[in-house]
Amino acid sequence: MKYLLDTHVLLWAIMDSEKIPKKTLHLLEDSENCIFVSPISFWEIAIKHQLKKLNLRALNILHIPHITEQLDFTILNPEPYDYISISQIPQKENHHDPFDRMLIQQAIRNNLMLISKDEKFKQYEENGLQLLWE
C-alpha cells in the first residue's frame with residue numbers, strides 16, 4: 001500500500017513513536033508499504049517552529065529531511081497540479097488550514113491513504129480522501 005503522512009505523524013515517527021497506534025506503526029515499519037512525506041510538511045514544520053508554535057526539543061530542524069530518509073520514507077515530489085488543484089477541494093466551514101488542505105489534495109490526487117489523527121479530515125472522505133488512524 002501507499003501512504004502519505006500528516007505532519008504530526010511524521011514528527012511522532014521521529015520523536016514520539018509511542019503516540020502512534022501499534023497497527024499504524026507496524027504499517028510504517030513494513031518494507032512492503034511505501035510511506036510518503038510531502039515537502040508541505042517540511043514547510044509547515046519550519047513555519048510553526050519559527051513562530052514558536054512547535055517545540056522540537058533537541059531535534060535540529062535541518063536534520064528532519066535526512067531522518068525522514070533514514071526511516072525509509074519517500075519524499076513526494078509534488079507536481080504543479082498538486083498545488084493548483086487545491087481549488088478542487090471544498091473549503092469546509094470548520095477547517096481552513098492550508099497545509100492540511102494541501103496534504104489532503106495530494107493524497108487524493110496521488111491515490112495515497114493519508115495517515116492522520118485529525119478528526120476534521122473525515123469530512124473530506126466524501127471528496128475521495130482515504131484516511132487511516134488505527
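Fair warning: this is a prediction, and the values are worked out from it, not measured in the lab.
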Heavy-atom pair of closest approach, residues S17 and A13: CB-O, 4.5 Å
Does I45 share a hydrophobic cluster with L62, counting links as ILVMFWY side-chain heavy atoms below 4.5 Å and allowing steps through other members? yes
Just how far is it from atom CD1 of I61 to atom NE2 of H63, taken to the nearest 0.5 Å? 11.0 Å
Considering residues, nucleotides and ligands other than I84, do more than 12 of their heavy atoms fall under 6.0 Å from its CD1? no
Within the distance-only criterion (no hydrogens, no angle test), does the side chain of N33 pair as donor or acceptor with the backbone N or O of L28 below 3.5 angstrom? no
Student check: side-chain heavy atoms of K120 and K92 closer than 4.5 Å: no
Student check: side-chain heavy atoms of F42 and I75 closer than 4.5 Å: yes
Does L131 form a side chain to side chain contact (heavy atoms under 4.5 Å, CB included) with Y124? I'd like the steps, not just the answer. CA-CA 9 Å; L131 191 59; Y124 293 96; over 6 Å; no
Looking at side-chain heavy atoms only, is the closest gap between I35 and L71 below 4.5 Å? no
Between I67 and L59, is a side chain to side chain contact (heavy atoms under 4.5 Å, CB included) present by the stated rule, with each step listed? CA-CA 10 Å; I67 295 168; L59 178 63; 3.5 Å; yes
Are M102 and I115 co-members of a hydrophobic cluster defined by side-chain heavy atoms under 4.5 Å apart? no
Find the distance between CD1 (I108) and CD (Q88) and round it off to the nearest 0.5 Å. 10.5 Å
Donor-acceptor pair, Q50 side chain versus I47 backbone, under 3.5 Å? no
For E134, is there any backbone N or O sitting under 3.5 Å from a side-chain donor or acceptor partner on T24? yes
Of N111, V37, N110, L112, the residue whose pairing with L4 passes side-chain contact (heavy atoms from CB on, under 4.5 Å): L112
Using side chain to side chain contact (heavy atoms under 4.5 Å, CB included), reason through Y3 and L114 one step at a time and then give a plain yes or no. CA-CA 6 Å; Y3 300 93; L114 184 60; over 6 Å; no
Do M113 and I104 land in one hydrophobic cluster if side-chain heavy atoms of ILVMFWY residues count as linked below 4.5 Å? no
Say you draw a straight line from OH of Y83 to CD of Q105; how long is it, rounded to the nearest 0.5 Å? 12.5 Å
Nearest heavy atoms of A107 and L129, plus distance in Å: CB-CD1, 3.9 Å
Indicate yes or no: at least one non-hydrogen side-chain atom of D118 is less than 4.5 angstrom from one of D97. no
Can you find a heavy atom in the side chain of M15 that is under 4.5 Å from one in the side chain of L56? yes
Validation row: K122, E125 side chains within 4.5 angstrom (heavy atoms): yes
Closest non-hydrogen atoms of L5 and S41, given as atom of the first, atom of the second and distance, are O-OG, 4.0 Å
Kindly work out whether a path of hydrophobic side-chain contacts (I/L/V/M/F/W/Y, heavy atoms less than 4.5 Å apart) joins L103 to F73. no
Are the side chain of R101 and the backbone of P90 linked by a donor-acceptor contact shorter than 3.5 Å? yes
Give me the ring orientation class for F99 and W43: parallel if the planes are under 30° apart, tilted from 30 to 60°, perpendicular past 60°. perpendicular
What is the distance from atom CZ of R57 to atom CG of N60, rounded to the nearest 0.5 Å? 14.5 Å
If we only count heavy atoms from C-beta on, is the L11 to L54 side-chain gap below 4.5 Å? yes
Answer yes or no: is there a donor N or O on one side and an acceptor on the other, between the side chain of D16 and the main chain of K19, under 3.5 Å? no
Keeping the roles fixed (side chain from H8, backbone from K117), state whether a donor-acceptor pair exists under 3.5 Å. yes
Can you check whether S85 reaches R109 side chain to side chain, under 4.5 Å on heavy atoms? yes
Euclidean distance, D6 CG relative to S38 OG, rounded to 0.5 Å: 10.0 Å
Atom pair CG (D100) and OG (S116), whose distance is rounded to the nearest 0.5 Å: 7.0 Å
Using the rule that Ile, Leu, Val, Met, Phe, Trp and Tyr join whenever any side-chain heavy atoms are under 4.5 Å apart, tell me whether V9 and I64 fall into a single cluster. yes
Decide side chain to side chain contact (heavy atoms under 4.5 Å, CB included) for D82 and I40; before the verdict, give the C-alpha distance in whole Å, the side-chain angles of both, and the deciding distance to 0.1 Å. CA-CA 11 Å; D82 285 330; I40 297 298; over 6 Å; no
